[in-house]
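Heads up, the thing below is written out as structure tokens.
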Amino acid sequence: MKTYQNPWLRFLLSDRYMNLALLVLRLFVGGMMLSHGIAKLLNFGALREGFPDPIGWGAAASLVMIILVEVGCSLMVIAGILTRFAVVPMVFAMIMAMTTLSATTFGGIELPLLYVGMCVVIFIAGPGRCSIDYLVGRTLVHAEER
């Protein structure tokens, strides 16, 4: 690996902070989705009747499913537990949100689309070293080597 003298160039070309960036991304996505899920949980009674039902399960069941995804999967992503598995339901939930929101303008689907993009990045890159997934994987590798 070539070492650069200029500290800014070293910073820009370094992958040293990749794991920190993945941690920040996981915390951000998980925290934002968690806030949406908690808001839905706190307003469950008011949302239950009029919640969109894109897959035909009924409004209450759809609301319960989205709360489970936004709270449960968000906590998994924040902690880095089964991270790649946890972002898949989050992507599907945001795709369902895009189909039920007003799609007359790009602004109506912009937020769910941003979540989809960030979740896809997490799915491809993985959780990084600052995660429980990494610790479990490292433990399993050491157990195999014995």
Side-chain angles (χ1 to χ4, degrees), residues 1 6-144:
M1 183 170 126
N6 185 331
W8 290 108
L9 191 59
R10 243 189 348 257
F11 174 74
L12 291 172
L13 298 176
S14 172
D15 61 351
R16 168 181 277 169
Y17 303 104
M18 181 182 65
N19 289 305
L20 178 62
L22 288 171
L23 173 65
V24 170
L25 181 63
R26 277 192 4 252
L27 294 176
F28 179 75
V29 170
M32 293 300 291
M33 289 283 282
L34 183 62
S35 70
H36 290 289
I38 290 173
K40 285 180 182 72
L41 186 61
L42 294 175
N43 296 312
F44 185 83
L47 293 172
R48 180 178 40 204
E49 298 304 320
F51 197 76
D53 182 24
I55 51 179
W57 288 358
S62 292
L63 180 58
V64 168
M65 292 304 293
I66 198 70
I67 289 171
L68 288 174
V69 168
E70 288 181 350
V71 173
C73 292
S74 294
L75 291 172
M76 291 171 69
V77 168
I78 288 169
I81 301 171
L82 298 172
T83 308
R84 285 186 167 133
F85 172 76
V87 294
V88 172
M90 293 167 77
V91 167
F92 283 115
M94 292 300 101
I95 291 171
M96 288 293 115
M98 284 189 286
T99 62
T100 58
L101 291 175
S102 172
T104 57
T105 64
F106 181 70
I109 62 169
E110 186 176 1
L111 184 62
L113 192 59
L114 282 170
Y115 281 122
V116 167
M118 290 185 287
C119 287
V120 167
V121 169
I122 292 171
F123 183 81
I124 292 169
R129 288 185 174 188
C130 303
S131 67
I132 294 175
D133 285 345
Y134 178 78
L135 295 174
V136 169
R138 207 170 84 181
T139 303
L140 292 174
V141 167
H142 287 302
E144 274 185 15

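Arg48 approaches Ala59 most closely through the heavy-atom pair O-CB, 3.2 Å. Across all their heavy atoms, Ala93 and Ile66 have their closest contact at CB-CD1, 3.3 Å. Across Val91 and Cys119, no two heavy atoms sit closer than the pair CG2-CB, 3.5 Å. When all heavy atoms of Ala86 and Pro89 are compared, the pair lying nearest together is O-CD, 3.3 Å. For the pair Val71 and Ile38, the tightest heavy-atom approach, listed with the atom from each and the gap, is CG2-N, 4.1 Å. Between Pro54 and Thr100, the shortest heavy-atom contact is CB-CG2, 3.7 Å.
Contacts classified as ring pair (Phe, Tyr, Trp, His ring centres under 6.0 Å) and involving residues 107-132 (residues at least two apart or in different chains) are given here: His36-Tyr115. Listed by first then second residue, pairs satisfying ring pair (Phe, Tyr, Trp, His ring centres under 6.0 Å) with a partner in residues 43-90 number zero, not counting sequence neighbours.
For Arg84, the CZ atom counts as densely surrounded, since its 6.0 Å shell holds more than 12 non-hydrogen atoms of other residues, nucleotides or ligands.
One distance of note links CG of Leu22 with OH of Tyr17; it measures 15.0 Å at 0.5 Å rounding. A distance of 5.0 Å separates CG in Leu41 from CD1 in Ile67, rounded to the nearest 0.5 Å. Between Leu25 atom CG and Ile122 atom CD1 the span is 4.0 Å, to the nearest 0.5 Å. The line from CE of Met96 to OG1 of Thr99 is 4.5 Å long, rounded to the nearest 0.5 Å. From Met94, atom CE reaches atom CG of Leu111 across 7.5 Å, with rounding to the nearest 0.5 Å. To the nearest 0.5 Å, atoms CG (Asp133) and CE (Met76) are separated by 8.0 Å.
With sequence neighbours left out, Asn19 forms a side-chain hydrogen bond (donor to acceptor under 3.5 Å, both in side chains) with no residue at all. With sequence neighbours left out, the side-chain hydrogen bond (donor to acceptor under 3.5 Å, both in side chains) criterion links Ser74 to no other residue. Among residues two or more places apart in sequence or in another chain, the side-chain hydrogen bond (donor to acceptor under 3.5 Å, both in side chains) test is passed with Ser62 by Asp53.
Side-chain contact between Ile55 and Met65 is absent, with no heavy atoms from C-beta onward closer than 4.5 Å. You'll find the side chain of Met90 reaches within 4.5 Å of the side chain of Val69, heavy atoms only.
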Donor-acceptor pairs under 3.5 Å, side chain of residues 26-34 to any protein atom, not counting sequence neighbours: which ones?
residue	atom	partner	partner atom	Å
Arg26	NE	Val77	O	2.8
Arg26	NH1	Pro127	O	2.8
Arg26	NH1	Cys130	O	3.1
Arg26	NH2	Ile78	O	3.1
Arg26	NH2	Cys130	O	3.1

